[in-house]
Amino acid sequence: MDYYAVLRESWTDTAEVGRCSLEEVYQGRNLQPFAAGTSIGLQPGQIWVVYRGIVQLSTLHAQGEEVIVGFALPSMPFGLPLTTLSPYHALALTEVNLMSLTVTEIAHSPKLSQGLFWYLLHRQQQTEALLSIANFQRVEERLRHFLWLLHREVGQKVDQGVRLPCRLTHQTIANAISSTRVTVTRLLGQLQSEGSLIIDKDRCFILTPKFALP
């Protein structure tokens with residue numbers, strides 16, 4: 001069993017309790033929609049919880065380069081109170097619906113705190129996995145492990161393999177794996193040539209059964 005599968009199994013069963021708690025909180029709440037590609041505003045004291053969709057979280061290097069630090073998936077919280085990074089940006093990778101909570105509201109609700117805890121733990125594990133990818137010396141290794149992480153986190157089974165339901169630009173991938181857009185474009189072309197990667201009509205990636213880690 002690979003590392004990312006172990007990560008998932010380590011929290012899934014326990015997080016089910018948290019999911020049920022959050023479902024109760026969602027009842028009667030107004031959800032705020034964001035279109036794909038939209039920047040999500042972040043305010044002090046406010047925590048967003050993803051109800052549907054995928055949110056990319058990032059910061060900037062001093063030189064202005066974007067660094068991806070994680071992806072918020074359904075039921076996962078994110079916001080300024082949960083980070084020490086500055087600047088800190090949130091981008092809707094797909095159409096998303098978010099629920100807004102305050103730190104005070106969470107602090108006064110044991111059930112809500114419990115529900116969010118397990119998903120916050122998953123976010124931490126995910127960020128550590130991204131950090132571990134940066135240690136691979138070869139760019140191809142970093143690219144394959146990054147795609148494999150997304151496969152585990154957000155992948156959807158389709159006839160051709162596993163589809164990543166978010167449109168990732170070559171520059172976004174380059175920023176995530178500390179490479180250049182030109183290099184990422186070349187390596188993605190190689191994956192397509194060998195039949196490991198398909199790009200569908202919506203410009204989303206599909207990892208075929210031929211895809212493998214180096």
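All values below come from the heavy atoms of this structure, side chains included, with hydrogens, waters and symmetry mates left out. For the single chain, residues carry numbers from 1 onward in sequence order.
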Legend entry - Contact summary for F78 and L57, nearest pair of heavy atoms: CD1-CD2, 3.8 Å
Legend entry - Minimum heavy-atom distance between G155 and V162, given as atom pair plus value: CA-CG1, 3.5 Å
Starting from [Y], can I reach [X] by hopping between I/L/V/M/F/W/Y residues whose side chains sit under 4.5 Å apart?
| X | Y | answer |
| --- | --- | --- |
| L42 | V50 | yes |
| L80 | V96 | yes |
| Y51 | V49 | yes |
| V158 | L191 | no |

Inset, instruction - Please name all residues satisfying side chain to side chain donor-acceptor pair (under 3.5 Å) with T83, sequence neighbours left out, ordered by chain then number. - result: none
Legend entry - All ring-ring contact (aromatic ring centres under 6.0 Å, His included) counterparts of F34, not counting sequence neighbours: W48
Quick one: does any side-chain atom of [X] pair with a main-chain N or O of [Y] as donor and acceptor, under 3.5 Å?
| X | Y | value |
| --- | --- | --- |
| T38 | A92 | no |
| R167 | L93 | no |
| S39 | L91 | no |
| T94 | G53 | no |
| R123 | P77 | yes |
| Q32 | S100 | no |
| T208 | Q160 | no |

Looking at [atom1] of [X] and [atom2] of [Y], how far apart are the two atoms once the value is rounded to the nearest 0.5 Å?
| X | Y | atom1 | atom2 | result |
| --- | --- | --- | --- | --- |
| S196 | L188 | OG | CG | 11.5 Å |
| C204 | Q156 | SG | CD | 8.5 Å |
| I199 | I206 | CD1 | CD1 | 10.0 Å |
| L82 | I106 | CG | CD1 | 7.0 Å |
| L121 | M76 | CG | CE | 9.5 Å |
| E105 | S113 | CD | OG | 10.0 Å |

For residues [X] and [Y], determine if any side-chain heavy atom of one lies less than 4.5 Å from a side-chain heavy atom of the other.
| X | Y | value |
| --- | --- | --- |
| S58 | V67 | no |
| L164 | L147 | yes |
| V69 | L130 | no |

Inset, instruction - Name all pairs fulfilling the salt bridge (Lys or Arg N to Asp or Glu O under 4.0 Å) condition that reach into residues 177-197, sequence neighbours left out, sorted by first residue then second. - result: R144-E194
Inset, instruction - Mark yes when over 12 heavy atoms from residues, nucleotides or ligands other than Q192 sit less than 6.0 Å from its CD; otherwise mark no. - result: yes
Inset, instruction - Any chance you could lay out the side-chain contact (heavy atoms from CB on, under 4.5 Å) test for F205 and L197, step after step, and finish with the verdict? - result: CA-CA 7 Å; F205 295 164; L197 177 71; 3.7 Å; yes
Legend entry - I54/L73 under side-chain contact (heavy atoms from CB on, under 4.5 Å): CA gap, chis, key distance, verdict: CA-CA 5 Å; I54 304 170; L73 311 177; 3.9 Å; yes
Inset, instruction - With sequence neighbours left out, write down each residue that passes salt bridge (charged side-chain N to carboxylate O under 4.0 Å, His left out) with D202, or none if nothing qualifies. - result: R163
Legend entry - With R138 via salt bridge (charged side-chain N to carboxylate O under 4.0 Å, His left out) - residues at least two apart: E140
Inset, instruction - Could you go through the ring pair (Phe, Tyr, Trp, His ring centres under 6.0 Å) check for W148 and H145 one step at a time? - result: CA-CA 5 Å; W148 192 251; H145 279 272; 8.8 Å; no
Can you give the donor-acceptor pairs under 3.5 Å from side chains of residues 170-177 to other protein atoms, not counting sequence neighbours?
from: H170; atom 1: ND1; to: T185; atom 2: OG1; distance (Å): 2.7
from: Q171; atom 1: NE2; to: N175; atom 2: OD1; distance (Å): 3.0
from: T172; atom 1: OG1; to: T169; atom 2: OG1; distance (Å): 2.8
from: N175; atom 1: ND2; to: E66; atom 2: OE1; distance (Å): 3.4
from: N175; atom 1: ND2; to: Q171; atom 2: O; distance (Å): 3.4

